[in-house]
Amino acid sequence: MDGNKRKISNRRGLLALSPLMVFVVLYLVTSIIVGDFYKVPITVAFMLSSIYAIAISGGFPLTKRIQTYSRGASTQNMMFMLWIFVMAGAFANAAKTMGSIDATVNLTLMLLPSDMILAGIFLATCFISLSVGTSVGTIVALAPIAAGVAQQTDISVALMTAVVVGGSFFGDNLSFISDTTVVATQTQGCKMSDKFRVNAFIVVPAAIVIMIVYLVMGQGVSSPTQVADFQLVKVLPYLVVLICAIFGMNVMAVLTLGIILTGVIGIANGSYDLFGWFSSMGDGILSMGELIIITMMAGGLLEIIREQGGIDYIIQHMTNHVNGKRGAEFSIGALVALVDLCTANNTVAIITVGPIAKQIGDRYGVDNRKCASILDTFSCAMQGVLPYGAQLLMAAGLTQLNPVEIIPYLYYPLAIGVAALFAIVFRYPKRYS
């Protein structure tokens, strides 16, 4: 709904956003104070915030409020994401049980010099995500391998996981087949190729800087002097998953093919029998249980916030004080970042803000191509550091980490956010500013 048509008072707007504030206090602030991010389970923080959200959303019977919450927890996009989690859990654990991760890690250690491991993993992730067009799909394929490499070296597992998460947003932001690219260009009425050129001017320098940072950090890495023997056939499931994803195959179909391959190869070489394969898949699916619960509760909580006018309130206040082209670009970037904070979905954030951004851009003379780039880049920068975003939850689930442990090492999402700010302040690319 257009924020200019639905005026919301400060009291009502802040009340609508208060469930998100409750979650932040319960989970982030409390964990920082006690110095332990496991003291308050994220599931409990979401549960209490959800109860609070339903309790304060007055004007409707309790049953209606719960229905609204349930609708948010079971949208079409949400359910598709949950099925990916289920399939990813089954594939990841079946591959791990048959030795695919160990084999792929040893192959990586053999091919990459020790001082190139961080930069090499980042470069590979950028390329794959650009080809696949989805950050979640890239993380599913590479996070277990990255964690395995970290365990074989003296690199922090959280750092190596963050390298993959960061690199996955390179393609999420730039790929021609990324949802965010499609939505950003459609809402702003520009060509994908034009948006790509503008976007590349903004974020490619950031990627180069981060690559150099990883090269420097990698100088102190010590790899095993001898790489253990491995069977190349065990690497096949990951290679097939990556190649099929690069050629644009549906992520569910890719994971199904990967699962079948783990069964065929694992049973053939004696890694497990048929029931052992079933058991490994079952354990993998169960390991995603907390991730699925968190995702559904986050969806429900954010739907309550949207229904109560929280997002409209943000849009209303962010568009009230726009002055000039630079101010218009700042407001568009801040708007999409804030809405992403409230929806934990960068595609949904762009869909929500896109029409408003188009109006602001047209009024103040912002180039449509740069407007699309700002929408995409700021939403990816915010999405990349959300502990309750699908990407961090997936990465944490696959590497058995707390999402917050990964956040301090997320250099690339931070870098593209800074690059986007610089592009506004210093008016570049000049031709589109």
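For the single chain, residues carry numbers from 1 onward in sequence order. Values in this document were obtained by computation on a predicted structure and should not be read as measured data.
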Inter-residue atom distance [X].[atom1] - [Y].[atom2], 0.5 Å rounding:
{"X": "Met87", "Y": "Leu82", "atom1": "CE", "atom2": "CG", "value": "13.5 Å"}
{"X": "Ile407", "Y": "Asn402", "atom1": "CD1", "atom2": "CG", "value": "8.5 Å"}
{"X": "Tyr313", "Y": "Leu15", "atom1": "OH", "atom2": "CG", "value": "11.0 Å"}
{"X": "Leu302", "Y": "Tyr69", "atom1": "CG", "atom2": "OH", "value": "9.5 Å"}
{"X": "Ile139", "Y": "Met394", "atom1": "CD1", "atom2": "CE", "value": "8.0 Å"}
{"X": "Gln400", "Y": "Thr161", "atom1": "CD", "atom2": "OG1", "value": "11.0 Å"}

### Message
Do Lys195 and Thr181 pair up side chain to side chain, a donor and an acceptor below 3.5 Å, judged on atom types alone?
### Response
yes
Report yes or no: does [X] contribute a side-chain atom to a donor-acceptor pair with the main-chain N or O of [Y] at less than 3.5 Å?
{"X": "Arg65", "Y": "Ile54", "value": "yes"}
{"X": "Ser178", "Y": "Ser175", "value": "no"}
{"X": "Thr377", "Y": "Ile374", "value": "no"}
{"X": "Thr187", "Y": "Gly354", "value": "no"}

Does the side chain of [X] reach to within under 4.5 Å of the side chain of [Y], using non-hydrogen atoms?
{"X": "Pro237", "Y": "Phe91", "answer": "yes"}
{"X": "Asp172", "Y": "Thr180", "answer": "yes"}
{"X": "Asp340", "Y": "Val336", "answer": "no"}
{"X": "Leu392", "Y": "Leu386", "answer": "no"}
{"X": "Ile121", "Y": "Leu142", "answer": "no"}
{"X": "Glu290", "Y": "Thr43", "answer": "yes"}
{"X": "Glu329", "Y": "Arg427", "answer": "yes"}
{"X": "Met160", "Y": "Ile117", "answer": "yes"}

Can you give me the closest heavy-atom contact between [X] and [Y], atom names plus distance?
{"X": "Val165", "Y": "Gly384", "value": "CG1-O, 4.4 Å"}
{"X": "Ala147", "Y": "Val157", "value": "CB-CG1, 4.1 Å"}
{"X": "Gly309", "Y": "Ala16", "value": "C-CB, 4.2 Å"}
{"X": "Ile155", "Y": "Leu159", "value": "CG2-CD2, 3.9 Å"}

#### Entry: Phe23-Phe46 aromatic ring centre distance below 6.0 Å
yes
### Query
Relative to the ring of Tyr412, is the ring of Phe170 parallel (under 30°), tilted (30 to 60°) or perpendicular (over 60°)?
tilted
### Salt bridge present between Glu307 and Arg71 (N-O < 4.0 angstrom)
yes
### Task
Step by step, work out the side chain to side chain donor-acceptor pair (under 3.5 Å) result for Lys370 and Asn199.
CA-CA 7 Å; Lys370 188 171 185 184; Asn199 218 151; over 6 Å; no
Over 12 non-hydrogen atoms of neighbours within 6.0 angstrom of [atom1] in [X]:
{"X": "Tyr409", "atom1": "OH", "result": "no"}
{"X": "Gln76", "atom1": "CD", "result": "no"}
{"X": "Tyr364", "atom1": "OH", "result": "yes"}

